Amino acid sequence: MEQQRDQWATKIGLILAMAGNAVGLGNFVRFPTQVAQNGGGAFMVPYFIALFFLGIPVMWIEWVAGRYGGKYGHGTLGPTYYLMARERVKPRGALWWGVISGMLAFSLTVLLNSYYLHLIGWSAAYSYFSATGAYFGQSTGEFFSNYLGNHAQVMLFWGITVILLAIAVGQGVSKGIERWVKVMMPLLYVFAIIMVGYVFVLGSPIDPNWSTIDGFRFIWSPNWAYLKDHFATVMLAATGQIFFTLSLGMGIIQNYASYLGPDDDVALSGLATVSLNEFAEVVLGGSLAVPLATAYAPKIVPPEVLAQGKNEALAWIGQKFGLGFSYTSLPNVFVSMGDIGKLFGAMWFLLLWFAGFTSAIAMYNYLTALLEEDLNIKRKVGTWVVLVLYFIAGLPVVYISGYLDQVDAWVSFQLTLLALFDIIVAVYLFKPDNFWKELHQGAYMKVPGWYKPILLYIAPILLLIPLIGSAQSLVGATLEWPARLAIIFMWIVGAVESYYSIKRKYGEELEKNEVI
Ligand code: PHE
Ligand code: NA
């Protein structure tokens, strides 16, 4: 066992860091998008099912796995999953489980960051543009494409964000990450609550026919008919959103949990992470973009669509939602608010920046830990190596159109795949009894026994459905060659790295193929 590994200094710091990890652009941009595109209230039913049967159990699995790896000085998936698999299979077999898990985690972190960091950079830029009213009185769509076309500017805001990340992570877990999130996360919740309060009193700002209430009704009345007609698609979208929003299937919950002490609680803390994220998603995230877009429909929906009626207009908004929505349609809403729109817009984008930043820290730390623990590169140096890696991985996002969306589609798929490995390795190969014991080691709560069959049988089945359902279309149609090559390349690097790191540390027992 390795000594003097960094640990979280305070419980509140740990919980805020985990909440910061989970609460991200997913809560405020991706969630409203998914709701809007999947029939509003129709989406919420499978969403809560996925939360309860998949999100919560997999969150526990990742906390358990992370704390376990941390005991042996590991914060990355390769060595951690090797050690867990070794409980059931011989070292040489376990090696492959470690290699594949480590490969999936490494490639995900790099691929996701190739665009996630750009989205955060856009938010920083747009916070500034809102405060100064830069897009006021202009076509916001054109403004956005001009912004994207100005590569120097895009790279500037990307650079500011990534350098701040490198500084925060370079300071370490307890002295860096924990301090930064202790400031950013409370601010994030305060900003969001202020804005939601404003949305609630807003009512019908433009036209008495269009109120924020229509938006709330759209999300909160279960639309059974839509659900019945689009069951598979909606189920898939809901599962994908649960993984994305809870930061599951990535390796970064494990990474943060690896900085726990061996007797620190994971059961209640894991549940607290889920609760804080869901509050920020369903309550706060759900009360911003969709109700706002609905109340300002007369300003953002074309007149000929408006004339067709409310449902058509809502459907139009739903289709328009997407990654770019926050940067093209919502600015129109802020413009319509008048002067207060500058403040509101600046706050909205700053909120996105905080949300994205505190998630990006976790991924940044994963790669830094990988360099530090697996390859002996000092943290202070490693953070800059990561920066260069991110820079290169982000180039196709700037220069190849369509790349971002393709990689994003793939990332959602691979998250689900890695979550399946979580269950196989950290529960089945680690042995369910060991898992249950670990979960309750130092725990502040007892997980009810009926959660066992959920973990063992229901969760993996629920996972397989979307995996099988989406694999074919993704691989066959969605991905073009630049995205494919990037994915394959990251797999190779990730596999080689994991193989090397396990071999280096456990070479002797692999040689003998016996645990020593
Ligand atoms: N959970 C983050 C969000 O909601 C996104 C994320 C996913 C971050 C996976 C890291 C890893 O935005
Ligand atoms: Na989230």
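All figures in this text were calculated on a predicted structure; none of them were measured in a lab. Positions are given from 1, in the same order as the sequence printed here. Ligands are counted one by one from 1 in listed order, and the atoms in each one are counted from 1 as well.
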Open item on the list: Name the residue from Y198, Y327, F344 that meets the ring pair (Phe, Tyr, Trp, His ring centres under 6.0 Å) definition with F334.
Closed with: F344
Atom pairs and distances, ligand 1 N/O vs protein N/O under 3.5 Å:
residue  : atom   : partner : partner atom : Å
ligand 1 : 1 (N)  : A22     : O            : 2.8
ligand 1 : 1 (N)  : F244    : O            : 2.8
ligand 1 : 1 (N)  : T245    : O            : 3.1
ligand 1 : 1 (N)  : S247    : OG           : 2.8
ligand 1 : 4 (O)  : A22     : O            : 3.1
ligand 1 : 4 (O)  : G26     : N            : 3.4
ligand 1 : 4 (O)  : N27     : OD1          : 3.2
ligand 1 : 12 (O) : L25     : N            : 3.0
ligand 1 : 12 (O) : G26     : N            : 2.7
ligand 1 : 12 (O) : Y116    : OH           : 2.9

- [ ] Please tell me if the side chains of W180 and Q171 come closer than 4.5 Å, counting only heavy atoms from C-beta onward.
- [x] yes
Open item on the list: Less than 4.5 Å apart, side chain to side chain, heavy atoms only: is that true for W158 and W122?
Closed with: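 No, too far: nothing below the 4.5 Å cut-off.
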TODO: With side chain to side chain donor-acceptor pair (under 3.5 Å) as the test, would you mind laying out the steps for E480 and Q406 before giving the verdict?
DONE: CA-CA 8 Å; E480 288 167 33; Q406 290 168 31; 3.3 Å; yes
Open item on the list: Angle between ring planes, Y126 versus F349, binned at 30° and 60°: parallel, tilted or perpendicular?
Closed with: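 It falls in the tilted class, 30° to 60°.
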Task: Parallel, tilted or perpendicular: rings of F144 and Y147 (30°, 60°) - done: parallel
Open item on the list: Is N27 close enough to the Na ion (ligand 2) that one of its N, O or S atoms comes in under 3.0 Å?
Closed with: yes
TODO: Please find out if less than 6.0 Å separates the ring center of Y366 from that of Y256.
DONE: no
TODO: Please work out the angle at the Na ion (ligand 2) defined by atom OD1 of N277 on one side and atom O of A22 on the other, rounded to 10°.
DONE: 90°
